[in-house]
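Naming: A, B, ... by sequence-line order, numbering from 1 per chain. Being a predicted model, the structure only gives us computed values, none of them experimental.
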Number of protein chains: 2
Amino acid sequence: MARQREFNEDKALDAAMQVFWEKGFEATSISDLTSRMGIQRPSIYSTFGDKKGLFEAALRKYTSFHAAYVRTNLQNNASVKEAFRAFFENMVAKEYKKSPNWGCFCINSMVELSPHDEKFEILTREHQMYLSVIFQETIERGLRSGELDAGINAKGLAQTLVVSLIGLTVIMKSRPERSFVDNSVEVILTLLN
Amino acid sequence: MARQREFNEDKALDAAMQVFWEKGFEATSISDLTSRMGIQRPSIYSTFGDKKGLFEAALRKYTSFHAAYVRTNLQNNASVKEAFRAFFENMVAKEYKKSPNWGCFCINSMVELSPHDEKFEILTREHQMYLSVIFQETIERGLRSGELDAGINAKGLAQTLVVSLIGLTVIMKSRPERSFVDNSVEVILTLLN
DNA sequence: AAAACAACATACTGATCAGTACGTAATTTT
DNA sequence: AAAATTACGTACTGATCAGTATGTTGTTTT
């Protein structure tokens, strides 16, 4: 290579992720991206291909960060029940702090793009499957330690918690009364008993 | 009025609903709409205001139809447990038949528009609240008949079922293995026991 | 039948879209 | 230092966007 990059590719991608997360794919223009990424239009195309390529890179960055975040959170607590409670309650509290509330970039993409683009159908599905595995491993840890009832179906419960997590994330976009979400979390957590 | 309408407003709105449901707000152009509605561009503006006005009319039509559909479905069965089982299983089966899978127009709108437009935040929230009331009334019917355990918290459970319904609808957009969704439905239904 | 009125269709507006051609600046290799 | 290479910035492309001006057609009222 001759001349060196003046911008940090990772920081630029991070900025793009935020814009796409906030506005979605269709509502985001290249001009929105250049201004927030702090780079020129041709730099986007030479570095990331096209708009969809940039979106894909941003989503991959998000999912890998998010997966690590979820994994760390659940491993952080010796009690599996407390780990899930803290995880769900924290996630609710965080969403109610922000206004407006962008939800989860992967879920947003699943809703907007998956039915129209197989690449994103696969990408978003695989992230949910990955979360499901993390949940399942956490539940199995609770089964081994005896904290959880041996009658629990780890896989089915993990899948249900992923579904619940999605449902909570989505409904919070419409800003229901806090008690609505709190009640739901409470009922969902009874599945661990 | 002088000259009479040549198109059926209700049928045109129905066509618009389908387009918006399939593609979302941003990805739908006025040209998409005119061709599918079978009317000319100025007819849209004179009848529905602007693109967002048409979208709102379409979404209102959807939610009122959907609410009636859910209500009828749940009232159709003497057993509350069987009613919820049939409702969830039917909803899963229907989504897996269609390809691609547009999900729920109201949920799509909640994800795409609610964080950026208060009108749709309210509209989509109120539909979820309405569904929650239908669910709660159904659960209370089961409590009165003795079919459901008296310890059940009707409101909290209804809210949780709404959250679960949203989660299931959304995750099916990424076409997970059928067993993933079936397992989740099974676990969710245990909340009625 | 004439006048008023409303829905129709065509064709247009300026703005913005995603993507690119091209000239300039910086860094490397020869 | 000259040549090659790559990034940068400006300015552009044709296409498409949401929305509208305008003239025509059909129906009602006078």
Side-chain angles (χ1 to χ4, degrees), chain A residues 1-60 105 108-109 112-113 116-120, chain B residues 1-60 105 108-109 112-113 116-120:
Chain A
M1 91 194 70
R3 183 174 172 181
Q4 62 203 6
R5 283 245 158 84
E6 293 180 6
F7 66 93
N8 180 309
E9 184 175 324
D10 194 62
K11 280 190 179 175
L13 182 54
D14 211 79
M17 182 186 79
Q18 288 182 45
V19 183
F20 280 131
W21 187 354
E22 175 180 352
K23 306 185 66 168
F25 179 77
E26 290 290 346
T28 298
S29 70
I30 303 292
S31 300
D32 291 332
L33 291 164
T34 54
S35 67
R36 288 275 291 269
M37 295 169 82
I39 65 178
Q40 301 300 326
R41 187 173 286 251
S43 298
I44 287 184
Y45 288 91
S46 65
T47 310
F48 301 102
D50 60 3
K51 188 186 174 189
K52 216 151 208 176
L54 175 57
F55 187 92
E56 183 185 344
L59 180 55
R60 286 189 187 280
F105 185 24
N108 297 352
S109 305
E112 184 182 7
L113 298 179
H116 310 100
D117 190 322
E118 194 183 0
K119 175 174 271 176
F120 292 99
Chain B
M1 90 192 72
R3 184 175 172 180
Q4 61 202 8
R5 283 246 158 84
E6 293 180 6
F7 66 93
N8 179 310
E9 185 175 322
D10 194 62
K11 280 190 180 176
L13 182 55
D14 210 78
M17 182 186 78
Q18 287 181 45
V19 183
F20 280 130
W21 187 355
E22 175 180 352
K23 306 185 66 167
F25 179 76
E26 291 289 347
T28 298
S29 71
I30 303 292
S31 299
D32 291 332
L33 291 164
T34 55
S35 67
R36 288 275 290 270
M37 296 169 81
I39 65 178
Q40 300 299 327
R41 187 173 284 253
S43 298
I44 288 184
Y45 288 91
S46 65
T47 309
F48 301 102
D50 60 3
K51 189 186 174 188
K52 216 152 207 176
L54 175 57
F55 186 92
E56 183 185 345
L59 180 55
R60 286 189 187 279
F105 184 24
N108 297 352
S109 305
E112 185 182 7
L113 299 179
H116 310 100
D117 191 323
E118 194 183 1
K119 174 174 273 178
F120 291 99

Length of the line joining B:I39:CD1 and C:dA9:P, which is rounded to integer Å:
9 Å

Other residues, nucleotides and ligands only: do more than 12 of their heavy atoms fall within 6.0 Å of NZ on B:K119?
no

Classify A:T34 by what it touches in the nucleic acid, base, sugar-phosphate, or nothing, heavy-atom distance under 4.0 Å.
nothing

Spacing between A:D50 atom CG and C:dC17 atom P, to the nearest angstrom
17 Å

Ranking D:dC17, D:dG19, D:dA7 by distance to the side chain of B:Y45, first place goes to D:dG19

Contacts of A:R41 and A:T47 projected onto DNA chain D by closest heavy atom; the upstream (5') one is A:T47

Do NZ/NE/NH1/NH2 and the carboxylate oxygens of B:R60 and B:E56 come within less than 4.0 Å?
yes

Taken to the nearest whole Å, CZ/A:R3 to C1'/C:dG23 is 13 Å

C:dA26 P sits how many Å from A:F7 CZ, rounded?
17 Å

Please determine, for the side chain of B:A2, which listed nucleotide (D:dT5, C:dA6, D:dA7) has the closest atom?
C:dA6

Return no unless some side-chain N or O of B:Q40 is found under 4.0 Å from OP1 or OP2 of C:dA9.
yes

Would you indicate whether the side-chain heavy atoms of B:L113 and B:F55 approach each other to under 4.5 Å?
yes

Taking CD1 from B:I30 and P from C:dA11, how many angstroms apart are they, rounded to a whole number?
20 Å

Count the heavy atoms belonging to other residues, nucleotides or ligands that lie under 6.0 Å from NZ of A:K11, then report whether that count exceeds 12.
no

A:M37 atom CE is separated from D:dG9 atom P, nearest whole Å, by 13 Å

Just the rounded figure in Å: distance from P of C:dT28 to CD of A:Q4.
6 Å

Within the structure shown, what part of the strands sits under 4.0 Å from A:S43 by heavy-atom distance: base, sugar-phosphate, or nothing?
sugar-phosphate

Side chain of B:P42, heavy atoms from C-beta onward: which of D:dC17, D:dT28, D:dT20 has the nearest atom to it?
D:dT20

Under 4.0 Å: is that the gap between some side-chain N or O of A:S29 and OP1 or OP2 of C:dT16?
no

Specify the separation, in whole Å, of atom NZ of A:K51 and atom C1' of D:dA15.
15 Å

Within the 4.5 Å heavy-atom criterion, are B:E9 and B:L13 side-chain neighbours or not?
no

